Structures are given as C-alpha cells and as structure tokens.
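Remember, it's a predicted structure, so these values are computed and weren't measured experimentally.
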Amino acid sequence: EEALDVWKYRMLDLFRKGIRNVLLAGGEPALRMDVLMLANEIFPTVYVITNGLIKIPEDFRHTIFLSLDGMEKTNDAIRGEGTFSKIIANYSNDSRVIINMTLMKENYQELEEVVKLSVAMNFTGVVCNIYTHYNFDIASDTLIVSPEERAGIISEMKRVKKLYPLN
C-alpha cells in the first residue's frame with residue numbers, strides 16, 4: 001500500500017502536465033478512500049468504477065460507475081450473496097451513480113430491468129460493456145460470448161435504448 005504522499009506527488013504532477021480528468025478503477029478504489037478524496041480535491045473531473053460494497057462519501061462530488069451484473073438473483077450469483085442489497089442500500093437515490101453493467105449470456109435479458117432500477121433509484125443512467133475474455137485459454141472461459149449471442153446482446157441493447165433513450 002503506497003503512502004498518500006506518493007499518490008499526492010503523482011496526482012499533482014499529472015495536474016501540472018495538463019491532466020484534468022482521471023479514472024480510478026481496479027483493485028476496488030473505494031478501499032483507498034484517502035486516494036479517492038485526494039483525487040476529488042485535485043482534479044475537476046474524477047470517475048471511479050466500484051463494486052459498491054463500500055459507500056463513497058457525499059463529499060466525493062464526481063461520477064461513480066457502479067458495477068452491477070443484473071438484478072438481485074443474477075448479481076448475487078456472480079458477485080456473492082447479499083451484494084445486491086448492500087449496493088442498493090449504499091447508493092439508493094445517489095445521482096452521482098451510473099450503473100456499469102457487463103453484458104453476457106447469463107444476464108443480458110435483465111438489461112431493461114436494470115435500466116428501470118436506475119430510474120427508480122434516481123441514478124444518472126446505465127452504461128454497458130459486452131463481456132470479452134481475459135483468459136489466455138479461451139477454450140476454458142465459460143463466459144465467452146459467441147458471435148450469435150453477441151448479436152442477441154446488441155439487439156437487446158438497441159431495443160432497450162429505444163425504450164429509454166436518455167438512460
């Protein structure tokens with residue numbers, strides 16, 4: 001774990017070099033709330049991608065991309081039992097939030113319900129990614145999306161986008 005002064009040096013150096021927008025992702029950024037709050041003070045625009053299990057304080061005035069893999073049953077099957085309810089408890093009615101949903105064959109049918117959830121929770125919206133493998137052994141990746149499944153996912157994204165054009 002790096003000391004906060006190292007982070008501060010790096011961030012101020014980036015700012016001096018003209019960087020004004022940063023994305024904090026990977027390794028669960030909310031575990032280093034001190035780093036998040038430092039970025040909050042230095043940069044005009046900060047985006048953070050989080051699993052939502054740790055509540056980011058209201059003092060953090062930037063965009064929070066909340067990783068959600070579907071509605072409760074699906075999300076909890078992927079991320080662990082009870083995670084959905086904890087995420088919702090942490091971020092209900094938080095307009096800083098945009099749901100970040102990775103679409104795969106197991107969950108893409110829930111996209112419309114996730115958009116409805118976003119509206120009900122007063123979130124800013126939903127962004128989607130289509131699952132791509134990260135494993136060097138593609139044959140062992142059970143989540144890989146076939147070209148046919150990809151076409152179905154894209155079709156569903158287009159359908160939902162027409163129903164909810166601003167989400």
Hey, could you give me the [atom1]/[atom2] distance between [X] and [Y], rounded to the nearest 0.5 Å?
X    : Y    : atom1 : atom2 : answer
L111 : M101 : CG    : CE    : 5.5 Å
K161 : C128 : NZ    : SG    : 9.5 Å
T124 : I64  : OG1   : CD1   : 10.0 Å

Problem set entry | Residues forming a ring pair (Phe, Tyr, Trp, His ring centres under 6.0 Å) with F60, sequence neighbours excluded |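 H62.
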Exercise. Quick one: side-chain contact (heavy atoms from CB on, under 4.5 Å) partners of F84, sequence neighbours excluded?
Worked result: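 Counting only residues at least two positions away or on another chain, F84 forms a side-chain contact (heavy atoms from CB on, under 4.5 Å) with L68, M71, E72, N75, D76, I88, L117.
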Exercise. Considering residues at least two apart in sequence or located in another chain, which fulfil the side-chain contact (heavy atoms from CB on, under 4.5 Å) criterion with E149?
Worked result: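 By the side-chain contact (heavy atoms from CB on, under 4.5 Å) rule, E149 matches K105, V145, S146.
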Problem set entry | Selection residues 89-100 - residue pairs positive for salt bridge (charged side-chain N to carboxylate O under 4.0 Å, His left out), sequence neighbours left out |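 Listed once each, the pairs are K55-D94, E58-R96, D94-R96.
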For residues 17-26, which side-chain donor-acceptor pairs fall under 3.5 Å, sequence neighbours excluded?
unit_1, atom_1, unit_2, atom_2, d
K17, NZ, D13, OD2, 3.0
R20, NH1, F15, O, 2.6
N21, OD1, T45, OG1, 3.0

Problem set entry | Partner of T74 under side chain to side chain donor-acceptor pair (under 3.5 Å), chosen from E110, E113, R79, Q109 |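 Exactly one candidate clears the test, E110.
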Problem set entry | Stepwise side-chain hydrogen bond (donor to acceptor under 3.5 Å, both in side chains) check, N122 with N93 | CA-CA 5 Å; N122 295 311; N93 294 308; 2.6 Å; yes
Problem set entry | Evaluation steps, side chain to side chain contact (heavy atoms under 4.5 Å, CB included), between I99 and V114 | CA-CA 8 Å; I99 293 176; V114 169; 3.8 Å; yes
Problem set entry | Step-by-step side chain to side chain contact (heavy atoms under 4.5 Å, CB included) determination, D69 to E106 | CA-CA 9 Å; D69 292 315; E106 292 81 5; over 6 Å; no
Problem set entry | R150: partners by side-chain hydrogen bond (donor to acceptor under 3.5 Å, both in side chains), with sequence neighbours left out |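 Counting only residues at least two positions away or on another chain, R150 forms no side-chain hydrogen bond (donor to acceptor under 3.5 Å, both in side chains).
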